[in-house]
Amino acid sequence: ALKVIFQGLTYFPDSSPLQISAAKSERRLGKYKESLERLENLRSQGADLPPHWKLEYDFELGFVYDQGNNADLAFHHFTKANSTVRSLPEYQKVDTNHSLDLIRNLGELDFGNINKIINFSKNNPPQVQPVFFVGFPRSGTTLLQKVLDSHHDIQVIEENNPLGHVTSLIESEPEKYLKGSFLLNTKNIKKLQAIYFSEAKKYVSIDDGSVIVDKLPMNIVQVPIIKILFPGVKILLGLRHPCDCILSCYMQNFGVNRAMANMFEFDSIINFYDKTMGLWEVFQNEIDFESYANRYVDLIANMEEEVRSILQFLDLPWDEDVLSYRQNTFKRGLINTPSYGQVVKPIYKEARYRWHRYAKYFEPSYEKLRPHCEAFGYSLTPL
């Protein structure tokens, strides 16, 4: 990337987008001093950046200051970047309440009726039942996804969301699908399963005997419909310290859409995390399903031991190729998640408990986050 960028800079030395792109590439190569100097020179030149490049500029400064252990300046620039996102026309058009309304409605379901439908669906389950891999965004799910995708008996659907075609239909008529007796009918359940498999076949082979892992973090809120469609489903939950997870979201230049609409203000991310993981805990109490919680810190501390446990949960044999996931990732090319820059590196430990350096920004929300930390076995005491 730098070679191409430098060629461009010989013709357009004053190009702010090229300078920002060069700084990003230098930063990812570990050349933090060069990256910071380039960005600071751009600021001193008084560059009048359009909004999309302004937010890129501030995100990059945030990353570089974070690497230099200057948490306050890093947080300042991440805040500026997210503020710029909220000024964009595409953000102004998005429904910021959509996901929160969905979570509230799902939490108020009649779980007696849901479990009645689930018990009915157990009488005629589909032959193929995917594993759903869920979690709050930035929980380290992409690393495990790439590890699992290296197993010869696993195919991964990487954030393409075939379930979305089903859930959109259900969200349009919740009274019909989740509150009545419509799904106490094998034919109607089969229709929804067919919609799912029609989409899933675009990404994986359904009938070759492989285990299908459908990985999309925010499907964590769709456990009721997942369990109805696939009564024998196994669910993998990606877990990371709540504060690290929230901070990583704040540092991430997400695309603007309804699902990510709550990711551009620090307090709104905390609230979104609280509502989302609170709903997961409701589902655990109200619905009987098999799940395995993969803690990101366990995966990076002892990958082989953790992956062996996960494969045992999935009833799959050990495969040495899972430890060669980086080479397999390079061979397969494009990574379709925001974590593309991390998962091709050797085990990435820099972000583990990063939140300790930013603890003062979390202090006003400790009581909101404490129940989740206790439920998932994390401490709110920074080192």
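Computation of the quantities below employed the complete heavy-atom set of this structure, encompassing side-chain atoms and omitting hydrogens, waters and symmetry-equivalent molecules. Starting from 1, each residue takes its place in the sequence as its number.
For the pair Asn271 (side chain) and Asp267 (backbone), a donor-acceptor distance under 3.5 Å is absent. Side-chain atoms of Asp274 never come within 3.5 Å of backbone atoms of Ile270 as a donor-acceptor pair (strictly under, hydrogens ignored). When atom types are taken as modelled, the side chain of Asn188 and the backbone of Leu184 share no donor-acceptor pair closer than 3.5 angstrom.
For Glu158 and Lys146, the salt-bridge test passes: some basic side-chain N is under 4.0 Å from an acidic carboxylate O. Residues Glu199 and Lys202 are paired through a salt bridge, judged by an N-O separation under 4.0 Å between the basic side chain and the carboxylate. Between Arg38 and Glu34 no salt bridge is recorded (no basic side-chain N to carboxylate O distance below 4.0 Å). The existence of a salt bridge linking Arg370 and Glu367 is confirmed by a sub-4.0 Å separation between a basic side-chain nitrogen and an acidic carboxylate oxygen.
No side-chain donor-acceptor contact under 3.5 Å links Thr141 and Tyr296. Thr142 and Lys215 share a donor-acceptor pair across their side chains, judged by distance under 3.5 Å alone.
Because its NZ or CZ atom is both nearer than 6.0 Å to the ring centre of Phe313 and within 45° of the ring axis, Lys234 counts as a cation-pi partner of that residue.
Using a 4.5 Å heavy-atom threshold, the side chains of Asp66 and Tyr32 count as separate.
Of all heavy-atom pairs spanning Pro224 and Leu109, the tightest one is CG-CD1, 4.1 Å. Here the shortest heavy-atom pairing between Ser121 and Lys227 reads OG-O, 4.1 Å.
Side-chain rings of Tyr361 and Tyr250 stay apart, their centers remaining 6.0 Å or farther from each other.
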